[in-house]
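Okay, so here's the structure we're looking at.
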Amino acid sequence: MAEILSLHDAVARLVHDGDTVALEGFTHLIPHAAGQEIIRQRRRDLTLVRMTPDIVYDQLIGAGCARKLVFSWGGNPGVGSLHRFRDAVQNSWPVPLEIEEHSHAGMANRYVAGASGLPFAVLRGYTGTDLPKYTDTIKQITCPFTGEQLAAVPALNPDVSIIHAQRADRAGNVQIWGLVGVQKEAVLAAKRSLVTVEEVVDELEPVPGQLILPSWAVTAVAEVPHGAHPSYAQGYYERDNEYYEYWDSIGRNRDSFEQWLDEKVFGMEGAAK
């Protein structure tokens, strides 16, 4: 059953150097606070997995936490490039970054395969692209029934998946609603999972379109109000568009980024304990 922990204790217990870590959430409910706690605890050599790495992964990469990124799109949505990501790929700063690129459909199917206990996923995809030339985890497979050529991609089974949700009860059952991406699949595919939530309540009141992750499917829950900021949490707060613009000026050069790290991340030591 899920254990309710502080964010500091949950990250300390679940995220280890060298792990494959997925932080998922699509536009909505992105676990920014958890990402910054990983930086604060100075995790290293992580393989970061995310369908759409945005500024939380720019922060993790710039802080030297990552050695590899597995993804399908990367950028500061609505603004432009991820400058710390670009610096790591082009200049190996602060450390070299290996990349493994897939399509959105490929990544989503990889999570589904992982959650289903299957070794790989099969899809109609990648045709007409050069991704199979550069990504060795994309293979061609022949359908044994029709002879059709299809793409096969290996299952994703992160060591730990981290998502943000609106609520959990005191037994560790998690309630999430609104725009949901692959959060459910990421949690079910992982060896360990952490769900940060806006609040822990005595009882989960039903919400239209809700998704419930039962306590037995989650390793730990941490109450982290505004844990998705600057992304939004439906029913709690809106997207902070100005922050995404602000991040472009911070991430654009190394000095401003390191100052941000010192003030906003390492300067907050103990905040999550």
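No experiment lies behind these values; they were computed from the predicted model shown. In this chain, residues are counted from 1 in sequence order.
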- [ ] Answer yes or no for R42 and F266: cation-pi contact, defined as NZ/CZ to six-membered ring centre under 6.0 Å and angle to ring axis within 45°.
- [x] yes
Open item on the list: E198: which residues meet the side-chain hydrogen bond (donor to acceptor under 3.5 Å, both in side chains) condition with it, sequence neighbours left out?
Closed with: H164, Y237
Open item on the list: With side chain to side chain donor-acceptor pair (under 3.5 Å) as the rule and sequence neighbours excluded, what pairs involving residues 205-225 come up?
Closed with: Q175-Q210
TODO: Check whether the side chains of D58 and W247 place a donor and an acceptor atom closer than 3.5 Å, and report yes or no.
DONE: yes
Open item on the list: Check D248 with R252, please: is the shortest side-chain N to carboxylate O separation under 4.0 Å?
Closed with: yes
- [ ] Flag the pair D17 and R44 as a salt bridge only when some basic side-chain nitrogen lies within less than 4.0 angstrom of an acidic carboxylate oxygen.
- [x] no
- [ ] Return the set of residues passing side chain to side chain contact (heavy atoms under 4.5 Å, CB included) with Q149 (not counting sequence neighbours), or none when no residue passes.
- [x] Q140, T142
Task: Side chains of R43 and H16, donor plus acceptor under 3.5 Å - done: no
- [ ] Work out which heavy atom in A165 is nearest to a heavy atom in V174; give both atom names and the distance.
- [x] CB-CG1, 3.5 Å
Task: For E245, all residues meeting side chain to side chain contact (heavy atoms under 4.5 Å, CB included), sequence neighbours excluded - done: V79
Task: Under 3.5 Å side-chain donor-acceptor pair for E100 and T137 - done: yes
- [ ] Can you sort out the partners of F120 under side chain to side chain contact (heavy atoms under 4.5 Å, CB included), two or more places apart, ordered by chain and number?
- [x] V122, I141, A152
Task: Distance, nearest 0.5 Å, that separates OG of S81 from CG of D87 - done: 12.0 Å
Task: Residues in side chain to side chain contact (heavy atoms under 4.5 Å, CB included) contact with E98, at least two apart in sequence or another chain - done: R67, K68
- [ ] Using distance alone, with no hydrogens and no angle criterion, decide if S72 and H102 have a side-chain donor and acceptor under 3.5 Å apart.
- [x] no
